[in-house]
2 protein chains.
Amino acid sequence: MATERPSLGLTERLQAALKERGQRWTEQRQIIVEVLAASDGHATGAELVERVREQDPSATPSTVYRTLDLLEELGLARHHHGPDGRETYHLEETVEHAHLHCRGCGAEQEMDAVVAAPILKAIATATGFSADLDHLSLHGLCRRCAAARGPSTPRAKAGE
Amino acid sequence: MATERPSLGLTERLQAALKERGQRWTEQRQIIVEVLAASDGHATGAELVERVREQDPSATPSTVYRTLDLLEELGLARHHHGPDGRETYHLEETVEHAHLHCRGCGAEQEMDAVVAAPILKAIATATGFSADLDHLSLHGLCRRCAAARGPSTPRAKAGE
DNA sequence: GAGTCTATCGCAACATGTTGCAATAAGTAT
DNA sequence: ATACTTATTGCAACATGTTGCGATAGACTC
């Protein structure tokens, strides 16, 4: 029966993983996972807290953050830090990618894992360091902003 | 005379730059620059605040952070965000380098500008994005930790 | 030196996370 | 169904930055 459900299991996987570790399935966690899944793409910690509180006003930030940490431990979610140091979360299902943040126009660009692979390899060769792709967040100028500033102005002040 | 003074000018340069912009030279700024200069290498915002307050207990965090922002605007200092999102400052004089933070042992490794240059170029070629070397902070595993985990365990949980 | 203009400062409140602890409640055994 | 164990929650306090505002004090003119 119902073998057709497409992405079956997010909740079920979580329940199973928790049980295995002697941890508990609670309504708060249900809500937080739902919110995260609904926040397709990325969402900051503060945004997630707010959305969870819409569903359940009794939820507190500490619970939300602790649950997000738990989801990371279980490998179901990941987070990285934006250019201002704030946290951004997304489900692990998302395709792996690095984040490129332009300090000129503020745009967020992604770099696919396939594109990034040789670059990570180059870093490893040069330094022995194996970088995490997904936790990688670069700051700089996108093609357009770089062009706009001319090739002779590699660095200029910008808010941030 | 006295053309021999080696790194003459940090304070003097700052005074001149401020004057030019119609801004003011104050004792607080003097202290903050001194502290930053003495914190050879890197220091977090909180550390700098604390050290400044040792010199002048009346100084407040807002003043320290605002001054650090100012120093960045003037191009005398830079900051980047560590793996936990906290700020780290250093004087611009420091040799340009990227930061590699190991999530295995917590060590901080640096990647020289010369080593990084071809990597940045590769990123630019692949994506059109010009990354800032100095604001670049990678997370991953250093050579030793990567080896310790074996080649088949690319990712494992770790406090971060 | 006194007066003026306004950059800077200190304070207080806020934003985003984190942590310790006592109360609650999930899961299990009786 | 009841009791028990302990993971989880909510609260309150803290850590690190940020922001608005009125008071202070640089720097400049007279």
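To find a chain, count down the sequence lines: A is the first, B the second, and so on, and within it residues start at 1. From a predicted model like this one, the values you see are computed outputs, not experimental measurements.
- At C:dG17, one or more side-chain N or O atoms of A:Tyr65 fall inside 4.0 Å of OP1 or OP2 (strictly under the cut-off).
- Looking at the side chain of A:Ala46, the nearest of the listed nucleotides C:dT18, D:dC28, C:dT16 is C:dT16.
- Straight-line distance from the CH2 atom of A:Trp25 to the C1' atom of D:dT8: 14 Å, rounded to whole Å.
- Neither OP1 nor OP2 of C:dA7 sits under 4.0 Å from any side-chain N or O of B:Thr26.
- When each of B:Arg78, B:His81, B:His80 is tested with B:Thr88 by the rule side-chain contact (heavy atoms from CB on, under 4.5 Å), just one qualifies, namely B:His80.
- In this structure, B:Gln28 does not reach the D:dA25 phosphate: none of its side-chain N or O atoms is under 4.0 Å from OP1 or OP2.
- Place B:Leu70 and B:Arg86 on DNA chain C by their nearest nucleotides, and B:Leu70 ends up nearer the 5' end.
- With respect to the salt-bridge test (charged N to carboxylate O, under 4.0 angstrom), the residues B:Glu34 and B:Arg51 do not qualify.
- If A:Arg24 and A:Pro61 are placed on DNA chain C by their nearest nucleotide, the residue sitting closer to the 5' end is A:Pro61.
- The two residues A:Ala37 and A:Leu91 come nearest to each other via the heavy atoms CA-CD1, 3.6 Å.
- Comparing C:dG10, C:dT28, D:dA7 by their closest approach to the side chain of A:Gln23 singles out D:dA7.
- With rounding to whole Å, A:Glu20 atom CD is found 14 Å from C:dT28 atom P.
- Atoms NZ (B:Lys19) and C1' (C:dA7) sit 15 Å apart, rounded to a whole Å.
- Across every non-hydrogen atom of B:Met111 and A:Thr127, the tightest pair is SD-CG2, 3.5 Å.
- D:dG10 atom P lies 11 Å from atom CZ of A:Arg29, rounded to whole Å.
- Contact annotation for A:Ser58: backbone-only contact, meaning every heavy-atom pair under 4.0 Å involves sugar-phosphate atoms and none involves a base.
- Within the 4.0 angstrom heavy-atom criterion, no nucleotide atom of any strand lies near A:Gly85.
- Base contact: B:Thr60 has a heavy atom under 4.0 Å from a base atom.
- A:Ser62 contributes a side-chain N or O that forms a donor-acceptor pair with the base of D:dC11 under 3.5 Å.
- Here C:dT16 presents its P atom at 13 Å from OH of A:Tyr89, a figure rounded to the nearest Å.
- As a whole-Å value, the separation of B:Gln15 CD from C:dT8 P is 14 Å.
- Here C:dT8 presents its P atom at 9 Å from CZ of B:Arg21, a figure rounded to the nearest Å.
- Side-chain to base pairing of A:Arg66 with C:dG17: no donor and acceptor N or O lie closer than 3.5 Å to each other.
- Although no hydrogens or angles enter the test, the distance criterion places no donor-acceptor pair under 3.5 Å between the side chain of B:Arg143 and the main chain of A:Phe129.
- Between B:Asp56 atom CG and C:dT8 atom P there is a gap of 17 Å when expressed in whole angstrom units.
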